[in-house]
Amino acid sequence: MVNFNAIEQKWQNRWEEEKAFEVKETKKKKFYALEMFPYPSGTGLHIGHAFNFTITDIISRFKRLNGFNVLYPVGYDSFGLPAENAAIKAKKHPKEYTEAAIKNFIKQQKKLGFSYDWSRLVSTSSPDYYKWDQWIFLEMYKKGLAYKKNAPVNWCSKCNTVLANEQVHDGKCWRHETTDVEVKNLNQWFLKTTAYADELYEGIKDLKGWPEDIKKLQKNWIGKSNGTEINFEIETPPHKEGTIGPTTTLYNVFTTRPDTLYGVTFLVISAQHPKLMELVTSEQENKVKKFTKKLNSVSAEDIDKLEKEGVFTGSYAIHPLTNKKIPVYAGNFVLASYGSGMVMAVPAHDQRDYEFAKKYNIPIKVVISPENKTLNEEDMTKAYQERGILVNSEQFNKLHSEKAKEKITKYLEKQKKGKKTVNFRLKDWLISRQRFWGTPIPIIHCEKCGEVPDENLPVTLPENIILKAGKNPLETCDDFVNVKCPKCNGNAKRETDTMDTFTNSSWYYLRYADSTNEKQIFDKKKIKYWCPVDFYIGGREHACMHLIYIRFYTKFLRDLKLLNFDEPSINQFNQGMVHAEDGRKMSKSYGNAIDPLTVIKGSSADALRLFLVSVANPDKDFSWNTRGLESNHRFISKIYDQFNDLKIGESSKKTEHRINNAIKKVTKYIEEIKYNLAIIEIKNLFNTLENEISKKDYESAIKLLSPFCPHIAEEIWEKMGNKELLSTNVWPKYEENKINIELDAEDELIFNTIKDIQNISKFIKSKPKKVIISVSEEWKYKTIKRIKKEMETDFEISRIMKKVMDKDHAKEISKLVPQFIKNPKKLPEILLSQEIELKVLQKNISEFKDKFDLEIEIKSNDPKAMPGKPAILFE
RNA sequence: GCAGGUGUGCCGGAGUGGUCAAACGGGAUGGACUCAAAAUCCAUUAGCUUAGUGCUUACGCAGGUUCGAGUCCUGUCACCUGCACCA
């Protein structure tokens, strides 16, 4: 028995000793392969990680062999809630917990044989790293891109703390099953992602190497819409304590359908709108308060799952064009954060508004009519949301919607009652977290000077502290909180919010290029050489958050003149999800999780790697399957055994063809990240290898295998007498002239004919002495006939004959079928292969004789032969 | 609710307009080898069949485009994923 684990250990040690994958800037062309760095959870590496890293390692090894200077770094996104929770439970500092987890991760990653440059390791919870997070924050702060404002959070009154969405279960606190989670407004830090919204949106179309679905998701997420901002005057009721009478205030609403302006019969303000209460009359106050309270008991996430509901505020707005009074409602379906948090409602032409109007008996007014029809309010059962011709719209009647949009907007602009505007769905990024295990925000609050940036970086997390459940521990840590103001040296308090961990992961790819720089965030020259990332691989779930944040940071740092490119990565790849054998999500709670290390112990790292990428295209989900793993392990053992029996000498023409063809195909498939198809080629190659082969050809075969199974490949490579590492050798080149498809056709033909003879032998139950193979004309021209028939029905040749054959065969066949002379290049491959079959059949009579010890005769153009297939007759 | 995706033989999955009853793998059945098993190798694995590169029915369901659809379009159903404090 071969001990694969020992072989793997041997090569992992060699790679490490020789620093085989450590890189420096050189004159060579670079390739930067990056996987989304993991959160080092206490439970260690799972199969999903192994899958992600294997995909990236394969492309890294492939590019390295192809002469690229490959940067393939490794690191850990080590701040975060789970470490904090675990630390609370274990009464330890999260740092301790995190360091142990990272150590475990490193061990596991090494066992899988990834070709990382370990010297560049980055861990975001280390002050050397988060110092630069704070630095970026301050740069943003200086530019007005980091600011504070009120925002809702989930709040548990028992814990007296903010809850993450994850800690809210069915509207209750995760630790207090009977306590409703409240929505509370806190003053929090934001990054102004909206400042780059337009560039983030418009830049999507230039992301040529990104998958279409990710681009679509981002587009919808950023949600650029062109529309019109319309000013509505609202009569504000007298304030309760105030003595002033009713006043009018201007409120803006955003709409993409200004053409429906005359159909507005009410306004709806978001129930979460900060100024909502200013609009509420004393008569309506109780009702409104009751309504908002009901909403507050629901977690923010669930609000849009509620039925569309609302309540009248008591106030009326003035329609800007008709000057009519229209009621203002507070509603649960209007987003406070989109546009101005208030919408104009056109029940006749918007389904949500329609339902709302029906519910509260608000009038419906048709202003858009389908082209040859009239709409009637009474007959409507749902809103007419399509474009059409304007009616009931005074001077704009008879205009088409699109034209009317323009005209109405222009008219409003003239009247100073509105303007053309662009709106984004993208919100500013709330980065404040009321937690301990994150990057401290480097701001000091001084009573005299106000907010003062703390330039004395890094602002580090306190170390001698035991975390407790509940309140943010930083708040109670006096040493951390009480500081002197950097400006006036008076007493001041440090900001206790920490940053969202997504800030850490928004620029880590840059730090890898210069991970140990203490003086600056990175050396611009190094960045210029290594960045942007050539291949960025990770899960699809990051499409809308991480992948937007990383683009945002990139653009910001570019504007600081630190980068000379606009986008973080050239190519993006998203691997599928790994499901357990039972089809469910792999998870500890289901008890169906698979530990990669256990798998390796039972078979080999190479088998695991091979299996992970052989089942399906890596961008598809796939299910774990123990049998599949075993069969891959067997394949590896087989190669190893096969090598021992192999005679290194001369390759036959067939072997040369196979090897060169395999090089061509495997290279193409790896480049397209179609590893599953590459592996099929590799397996076919090894399975059909003849036992004598030239050294060069066999080495090529091993090289093809090496990105997938680097350990066994190195081992065989060494046994062949090579002293240098295979991992840093050169990828084989194929020779086109050695590829000869006729050899494949020959194989197939021989194989089929043998099969036929066997079958017929069985049928006649006796061994014949002579076999006559007769071929009909019809067999040869069967396909031509079909095409002719198709031509009779006015059929376009060029469309069907996409598969082009080479000139020589085209000529031959064009002699037979004059119609094709016009377009000989466009003959289908079907014809080609059958012509070859005929030739090869004749060429290989001798081979049949040897195999079967019988006489074989071939009759061409036999009128008696069956159409469709060469007939085989026995005597 | 909004957005994105997926649906193929017993199973996992290739496949993007014609060489498709469908690559490759797994399972199952039969056979070879063996005292036996494992491993390995070969065959079969939609139905019918006069045994033919034959016919019929098949790529979620219902329509459509086309000479031709697993592949394109429309509708529909089912499932999966994301939705801004998990990372």
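All values below were derived from every heavy atom in this structure, side-chain atoms included, with hydrogens, water molecules and symmetry-related copies excluded. Order of the sequence lines sets the chain letters (A, B, ...), proteins ahead of strands, with each chain counted from 1.
Taking atom P on both nucleotides, B:U76 is separated from B:U66 by 23 Å, rounded to a whole Å. When the P atom is used for both B:U34 and B:G27, the distance is 24 Å, rounded to whole Å. Only the P atoms considered, B:G75 is 15 Å distant from B:C2, to the nearest whole Å. Look at the P atom in both B:U16 and B:C67: the space between them is 23 Å, to the nearest Å. B:A21 and B:A37: their C1' atoms are spaced 36 Å apart (whole Å). Taking atom P on both nucleotides, B:U49 is separated from B:A38 by 35 Å, rounded to a whole Å. Look at the C1' atom in both B:G31 and B:A46: the space between them is 24 Å, to the nearest Å. When the C1' atom is used for both B:U65 and B:C72, the distance is 8 Å, rounded to whole Å.
Base orientation of B:G9: syn (glycosidic angle within 90° of 0). Annotated as syn: B:G52, whose O4'-C1'-N torsion sits within 90° of 0.
Rounded to an integer number of Å, the gap from CD1 of A:Ile680 to C1' of B:A14 is 6 Å. If you measure from atom CG of A:Asn632 to atom C1' of B:G25, you get 8 Å, rounded to the nearest angstrom. Atom-to-atom, NZ of A:Lys683 to C1' of B:A23 comes out at 13 Å; the value is rounded to the nearest Å. Atom CG in A:Asp621 sits about 16 Å away from atom C1' in B:U8, given to the nearest Å. Computed from coordinates, the A:Phe190 CZ to B:A84 P distance equals 13 Å when rounded to whole Å. One can place CD1 of A:Ile204 at 13 Å from C1' of B:A3, the figure rounded to the nearest angstrom. A straight line from NE2 of A:His542 to C1' of B:A87 spans 6 Å, rounded to a whole angstrom. Note: CG (A:Asn154) to P (B:A84) measures 10 Å, nearest angstrom.
Heavy-atom distances under 4.0 Å link RNA chain B to A:Lys216, A:Leu217, A:Asn220, A:Trp221 of residues 214-223 of chain A, given in residue order.
In terms of position along RNA chain B, the nucleotide closest to A:Gly628 lies nearer the 5' end than the nucleotide closest to the other residue of the pair A:Leu426 and A:Gly628. Heavy-atom distances to RNA chain B give each of A:Lys620 and A:Leu186 a nearest nucleotide, and the one nearer the 5′ end belongs to A:Lys620.
Candidate nucleotides B:C85, B:G26, B:G15 were compared by shortest atom distance to the side chain of A:Lys674, and B:G15 ranks first. Listed nucleotides: B:A87, B:A14, B:G26. Nearest to the side chain of A:Ser631: B:G26. The side chain of A:Asp213 lies closest to B:G4, out of B:G26, B:C85, B:G4. Taking only side-chain atoms of A:Ala616, from C-beta outward, the nucleotide of B:A87, B:C85, B:A14 with the closest atom is B:A14.
Side chain A:Gln188 to base B:C85: a donor-acceptor pair is found below 3.5 Å.
Checking B:C83 for Watson-Crick or G-U wobble geometry (two distances, each under 3.5 Å) identifies B:G1 as its partner. Pairing of B:U6, defined by two Watson-Crick or G-U wobble distances under 3.5 Å, is identified with B:A78. With both pairing distances under 3.5 Å, B:U49 is matched to nothing as a Watson-Crick or G-U wobble pair.
A:Ser41 comes within contact range of no nucleotide atom at all, as no heavy-atom separation falls under 4.0 Å. At a threshold of 4.0 angstrom between heavy atoms, the contacts of A:Arg627 are confined to the sugar-phosphate backbone, with no base atom among them. Residue-level contact check: A:Gln434 touches the bases, meaning some heavy atom is under 4.0 Å from a base atom. Residue contacts for A:Asn617: at a heavy-atom cut-off of 4.0 Å it reaches the sugar-phosphate backbone alone, with no base atom in range.
Geometrically, A:Lys148 does not engage A:Phe190 in a cation-pi contact defined by less than 6.0 Å to the ring centre and at most 45° from the axis.
One finds a side-chain N or O of A:Thr501 lying less than 4.0 angstrom from the OP1 or OP2 phosphate oxygen of B:A87. In this structure, A:Arg433 reaches the B:C85 phosphate: one of its side-chain N or O atoms is under 4.0 Å from OP1 or OP2.
Checked against the 6.0 Å centroid criterion, the rings of A:Trp437 and A:Tyr97 do not qualify as a close aromatic pair. A centroid separation of less than 6.0 Å is found between the aromatic rings of A:His49 and A:Phe105. Annotation: A:Tyr508 is in aromatic contact with A:Phe37 [ring centroid separation under 6.0 Å].
When only modelled atom types and interatomic distance are considered, A:Ser432 and A:Asp497 share a side-chain donor-acceptor pair under 3.5 Å. Side-chain contact check for A:Ser78 and A:Ser123: at least one donor-acceptor pair (N or O, by modelled atom type) lies under 3.5 Å.
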Inset, instruction - Would you please test A:Tyr39 and A:Phe79 for ring-ring contact (aromatic ring centres under 6.0 Å, His included) and show each step? - result: CA-CA 8 Å; A:Tyr39 172 75; A:Phe79 269 138; over 10 Å; no
Inset, instruction - Please report the C-alpha distance between A:Phe611 and A:His633 in whole Å, then the side-chain angles of each, then the deciding distance to 0.1 Å, and finally whether the ring-ring contact (aromatic ring centres under 6.0 Å, His included) criterion is met. - result: CA-CA 8 Å; A:Phe611 172 59; A:His633 183 60; over 10 Å; no
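Scored by the salt bridge (Lys or Arg N to Asp or Glu O under 4.0 Å) test, A:Glu84 finds no partners at all (sequence neighbours excluded). Residues satisfying the side chain to side chain contact (heavy atoms under 4.5 Å, CB included) test with A:Cys544, not counting sequence neighbours, are A:Leu217, A:Trp221. Contacts of A:Asp350 classified as side chain to side chain contact (heavy atoms under 4.5 Å, CB included), with partners at least two apart in sequence or in another chain: A:Arg352, A:Asp353, A:Gln385.
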What pairs of nitrogen or oxygen atoms, one from the protein and one from nucleotides 36-41 of chain B, lie under 3.5 Å apart?
unit_1	atom_1	unit_2	atom_2	d
B:U40	OP1	A:Arg634	NE	2.9

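For the salt bridge (charged side-chain N to carboxylate O under 4.0 Å, His left out) condition, the pairs that include at least one residue of residues 423-437 of chain A, sequence neighbours left out, are A:Arg433-A:Asp500.
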